[in-house]
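The sequence lines fix the lettering, A, B, ..., with proteins before strands; numbering per chain opens at 1.
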Protein chains: 2
Amino acid sequence: METLLPKFDSVFSIDCVIFGFDDGELKILLIERNEEPFKDWWALPGYIVEQDESIDHAAERILYELTGLRDIYMDQFYTFGDVNRHPQGRVITVAYYAMIRLNGNKELKPVSNYVSKAVWTSVNDLPQLAFDHEKIFTRGFEKIRNKISYQPIAFELLPEKFTLTQLQQLYEVILNKKLDKRNFRKKMLNYGILKELDEKQKGVSYRAAKLYKFDKRKYSKLFQKELTFGK
Amino acid sequence: METLLPKFDSVFSIDCVIFGFDDGELKILLIERNEEPFKDWWALPGYIVEQDESIDHAAERILYELTGLRDIYMDQFYTFGDVNRHPQGRVITVAYYAMIRLNGNKELKPVSNYVSKAVWTSVNDLPQLAFDHEKIFTRGFEKIRNKISYQPIAFELLPEKFTLTQLQQLYEVILNKKLDKRNFRKKMLNYGILKELDEKQKGVSYRAAKLYKFDKRKYSKLFQKELTFGK
DNA sequence: TTACTTAGTGTAGAATATACACACTATATT
DNA sequence: AATATAGTGTGTATATTCTACACTAAGTAA
């Protein structure tokens, strides 16, 4: 490979804002750093892209190393490239977000040793974060808030079978406002992307609610359509 | 500055998809490369980010060097990081789009000598492009198509004073469909973000249309609101 | 059996979006 | 002067979507 390219003292990294929903709370995954700079600080999970891997691959790899999770819906949302965002050199970071299904199991097993631990933290209760990670988080949160308004990404966060009330709670948390129960149900059911199951919620000490499933097929039909601008 | 960071043989670049509207056609700015690789090929304007400049700054600088334009509405939209996208090494590129007001003057004066010339090309009539630039263009075009559906970015492309017909034509080109004149006007005027002027179009051989101006203030009020999800 | 908690449901009025047809005005051409 | 052309400009009826609002039903726990 020729190298007409100028030499450049720089690094690419990936940072991930990984959302989960649990206990009626929206959470993100934070790690405690075990390396300078910002040793012992909380940070978004992220690491350096390797020389011979694509950034999408790096994002998947890093998420896997930190959580053991694969095949997660992940999307790039912004690239942060201020000169001084990293105290040790020029690091441009590509931020991804992911939404994962907690299903009650919240244990996280960091593999890489640059992390002491990884925990789920409510977005309403975040500690101070290393680097410009607060900025990155904020932008990622805006992104999903925005996106959920026109695409039902919420399903990524819920267990496979869920109640309408859970779905509504999730919308409320992300949009940060109360929604009307009847209107919410009407709208969701009208989309026709929910499959009503013959099952009910279990283990609750009150009337059990019906469970629903997300119907991916019908979803794609509905939302692949062009955005409308009437005729 | 310590350098605990691993050494990495890599480069960041910026590529720009610069839209303009002229003659009822949506165009983008292409350059003819004067450098290997892809010498004499058409490409999106783009170049390497310098060691000590932020990526946003680089984007502005590069646009300026190629067009002499400043203070352009510009937005990052995606970062392309496949391993082999550049034949000479690892180059991750951050793509920006810009929308500029042609106002009839289409002359472009490239400053940098890695460019032989720069021209406006209709998006319906693009030549083959260097690198993965076709992919970048496509994604950028999707981006504005999407965005125009919920934000009136179209004004960036029109002259300061424009007719409703021009505005509609622009929407039609970007959305790639015919719109109903009456409904379009009603909708646009209802937003209340257009200021009707006391002037009319000049130099046309038919009934002159009223000119309008975009009212930025009212715009921010209207569109800063949260995206709606009812109550 | 009672008390408690959440599930589940309908409707009317308001606002918005869509569909549709024709007259007017200015200029260029003959 | 007559005519053709091309684009401006308007109103109304209908369909759809959005919003506001409160009670009963079902299940569990004591």
Side-chain angles (χ1 to χ4, degrees), chain A residues 23-24 148-152 158-159 161-173 175 177-213 222-223 225-231, chain B residues 21 23-25 148-152 158-159 161-173 175 177-213 222-223 225-231:
Chain A
D23 254 340
I148 206 176
S149 304
Y150 58 93
Q151 283 189 18
L158 292 171
K161 301 170 184 182
F162 52 85
T163 69
L164 288 176
T165 301
Q166 288 172 324
L167 183 60
Q168 181 176 343
Q169 280 171 349
L170 179 52
Y171 269 82
E172 289 178 344
V173 172
L175 298 174
K177 62 172 150 178
K178 280 274 161 205
L179 302 174
D180 179 85
K181 184 157 64 158
R182 275 170 298 190
N183 294 338
F184 181 82
R185 284 166 181 244
K186 207 183 309 172
K187 188 162 189 165
M188 280 296 153
L189 294 173
N190 265 355
Y191 283 147
I193 56 178
L194 295 182
K195 221 184 277 174
E196 186 178 329
L197 302 177
D198 264 346
E199 273 175 272
K200 295 201 165 181
Q201 216 176 9
K202 275 174 192 160
V204 289
S205 66
Y206 45 79
R207 175 178 177 182
K210 269 185 242 165
L211 289 171
Y212 291 81
K213 237 173 123 170
L222 183 58
F223 286 87
K225 276 189 228 159
E226 289 174 85
L227 287 184
T228 52
F229 197 88
K231 175 187 161 186
Chain B
F21 183 62
D23 253 340
E25 284 193 292
I148 206 176
S149 304
Y150 58 92
Q151 282 189 19
L158 293 171
K161 301 171 182 181
F162 52 85
T163 69
L164 288 177
T165 300
Q166 286 171 324
L167 183 60
Q168 181 177 343
Q169 279 170 351
L170 179 50
Y171 269 81
E172 290 179 342
V173 172
L175 297 174
K177 63 171 150 177
K178 281 272 162 208
L179 302 174
D180 180 85
K181 184 158 66 161
R182 279 164 300 187
N183 295 336
F184 181 82
R185 285 167 177 244
K186 211 180 306 173
K187 188 163 188 165
M188 281 296 153
L189 294 173
N190 264 355
Y191 283 148
I193 56 178
L194 296 182
K195 222 185 275 172
E196 186 178 328
L197 301 177
D198 266 346
E199 273 176 273
K200 295 200 165 180
Q201 216 177 8
K202 276 174 192 161
V204 289
S205 67
Y206 44 80
R207 175 177 176 182
K210 271 185 240 166
L211 289 170
Y212 291 81
K213 236 172 123 172
L222 182 58
F223 286 87
K225 276 189 227 156
E226 289 175 85
L227 287 183
T228 51
F229 197 87
K231 177 190 161 187

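A:Tyr171 pairs with exactly one of A:Met188, A:Lys177, A:Gln166 by the side chain to side chain contact (heavy atoms under 4.5 Å, CB included) rule, that one being A:Met188. When each of A:Leu197, A:Thr163, A:Leu194 is checked for a side chain to side chain contact (heavy atoms under 4.5 Å, CB included) with A:Tyr212, only A:Leu194 meets the rule.
If you measure from atom CG of B:Asn183 to atom P of D:dG11, you get 14 Å, rounded to the nearest angstrom. As a whole-Å value, the separation of B:Gln201 CD from C:dT25 P is 17 Å. Between A:Lys178 atom NZ and D:dC21 atom C1' there is a gap of 16 Å when expressed in whole angstrom units. Atom CG in B:Asp180 sits about 14 Å away from atom C1' in C:dC22, given to the nearest Å. Rounded to an integer number of Å, the gap from A:Lys177 NZ to D:dC18 P is 12 Å. The CE-P distance, from A:Met188 to C:dG8, rounds to 16 Å in whole Å. Atom CG of A:Leu189 and atom P of D:dC18 are 14 Å apart (whole Å). Atom CZ of A:Phe184 and atom C1' of C:dT9 are 16 Å apart (whole Å).
Looking at heavy-atom distances under 4.0 Å, B:Lys210 makes contact with sugar-phosphate atoms alone, never a base. Looking at heavy-atom distances under 4.0 Å, A:Thr163 makes no contact with the nucleic acid at all. At the heavy-atom level, A:Lys202 lies nowhere under 4.0 Å from the strands shown.
The base of D:dT8 is paired with the side chain of B:Arg207 by a donor and an acceptor separated by under 3.5 Å. Counting distance only, with no hydrogens placed and no angle test, the side-chain atoms of B:Lys186 and the base atoms of C:dT18 include a donor-acceptor pair under 3.5 Å.
The listed nucleotides are D:dC21, D:dG7, D:dT8; the one nearest the side chain of A:Arg182 is D:dC21. Of the candidate nucleotides C:dT18, D:dC21, D:dT8, D:dT8 has the atom lying nearest to any side-chain atom of B:Lys181.
Contact between the side-chain N/O atoms of B:Arg185 and the OP1/OP2 oxygens of D:dT10 is not found at any separation under 4.0 Å. Taking 4.0 angstrom as the limit, B:Thr165 places none of its side-chain polar atoms (N or O) nearer than this to OP1 or OP2 of D:dG7.
A residue-by-residue look at B:Tyr206 and A:Tyr206 shows that A:Tyr206 has its nearest nucleotide of DNA chain C further toward the 5' end.
The NZ atom of B:Lys178 sits 7.5 Å away from the CD atom of B:Gln168 when rounded to the nearest 0.5 Å.
Under the 3.5 Å distance criterion, the side-chain polar atoms of B:Glu196 are left unmatched by any main-chain donor or acceptor of B:Lys210.
The shortest side-chain heavy-atom distance between A:Arg185 and A:Thr165 falls under the 4.5 Å cut-off.
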